[in-house]
Amino acid sequence: LGTDLEKPVPQLIAAYDDAPGVTRAFNLNLLARINRELGADFNLQRFEHAVLFNHLTRSIEMHLRSRCRQTVTIPRAHLSVTFADRESILTECSHKYLLGEVLAMSKAAGFDCEEQFVDREWPFAESLLVAK
């Protein structure tokens with residue numbers, strides 16, 4: 001969480017693309033729920049979990065990327081969607097901030113930062129914010 005946001009990227013991506021596949025399953029569950037709740041016909045095996053770091057927005061992006069050209073129907077939404085090969089659905093953005101930015105945002109929102117607990121290995125921090 002220093003000034004170099006390039007350095008932690010592999011560790012950040014690993015946190016969203018874990019080896020056991022928990023996050024992958026969580027992400028693909030979005031399509032399973034659409035199938036179940038809206039009567040859609042997503043074939044989950046035709047989508048892959050993809051994690052990217054967007055340097056411009058300083059955010060981790062989770063996507064579900066189509067493995068082929070395909071059309072999916074969602075009857076309860078009266079919708080049919082055609083996906084190109086490798087086209088993705090953006091499912092999550094997790095923005096990353098520098099410690100000083102957290103302090104400035106919290107102050108602007110009417111909070112005092114009592115303390116920041118920093119894990120330098122992961123670069124990760126928790127901030128204890130108290131309303132003014």
Side-chain angles (χ1 to χ4, degrees):
L1 284 173
T3 57
D4 183 9
L5 286 171
E6 304 281 327
K7 205 159 90 181
V9 172
Q11 288 175 314
L12 287 172
I13 288 177
Y16 292 84
D17 197 14
D18 56 288
V22 173
T23 309
R24 176 188 175 280
F26 177 82
N27 202 13
L28 284 165
N29 186 54
L30 293 169
L31 301 182
R33 286 195 63 197
I34 294 170
N35 284 348
R36 191 171 53 251
E37 296 174 23
L38 299 176
D41 59 1
F42 281 99
N43 180 337
L44 277 57
Q45 295 183 4
R46 291 185 176 177
F47 287 85
E48 63 187 4
H49 172 67
V51 180
L52 309 167
F53 184 76
N54 182 327
H55 290 279
L56 184 63
T57 61
R58 292 186 351 224
S59 62
I60 290 285
E61 296 179 357
M62 288 196 339
H63 293 257
L64 290 171
R65 185 182 302 142
S66 180
R67 295 177 186 256
C68 61
R69 180 173 170 73
Q70 60 181 308
T71 300
V72 175
T73 56
I74 309 171
R76 291 195 191 125
H78 308 288
L79 186 64
S80 180
V81 180
T82 299
F83 293 92
D85 183 28
R86 306 205 38 85
E87 183 175 1
S88 72
I89 304 167
L90 175 63
T91 59
E92 180 181 332
C93 288
S94 180
H95 294 269
K96 308 302 173 190
Y97 299 98
L98 300 173
L99 294 174
E101 291 172 319
V102 172
L103 295 175
M105 286 188 297
S106 59
K107 184 176 181 177
F111 292 88
D112 285 327
C113 183
E114 292 288 316
E115 193 167 353
Q116 288 185 312
F117 307 92
V118 180
D119 180 337
R120 298 273 177 206
E121 181 182 342
W122 271 94
F124 180 80
E126 292 286 342
S127 299
L128 175 59
L129 306 177
V130 178
K132 291 181 186 178

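What you see is a predicted model; the values in this text were computed from it and never measured. Residues: numbered from 1 along the sequence shown.
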If two hydrophobic side chains count as joined below 4.5 Å and joins carry through other members, does [X] share a cluster with [Y]?
| X | Y | value |
| --- | --- | --- |
| L38 | L64 | yes |
| L103 | L128 | no |
| F26 | F47 | no |
| V51 | L28 | no |
| M62 | I13 | yes |

NZ/NE/NH1/NH2 to OD/OE distance under 4.0 Å, E101 and R58: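 Answer for the salt bridge query: yes.
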
Drop me the distance from [X]'s [atom1] to [Y]'s [atom2], to the nearest 0.5 angstrom.
| X | Y | atom1 | atom2 | answer |
| --- | --- | --- | --- | --- |
| L31 | R46 | CG | CZ | 13.0 Å |
| L52 | C93 | CG | SG | 10.0 Å |
| E92 | S59 | CD | OG | 10.0 Å |

No-hydrogen, no-angle side-chain donor-acceptor test under 3.5 Å, [X] and [Y]:
| X | Y | value |
| --- | --- | --- |
| T82 | T71 | yes |
| S66 | E87 | no |
| T73 | D41 | yes |

If you count the non-hydrogen atoms of other residues, nucleotides and ligands that lie under 6.0 Å from [atom1] in [X], is the total more than 12?
| X | atom1 | value |
| --- | --- | --- |
| E126 | CD | no |
| E114 | CD | yes |
| R67 | CZ | yes |

Okay, side chain of H49, backbone of Y16: is any donor-acceptor separation there less than 3.5 Å?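 Yes.
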
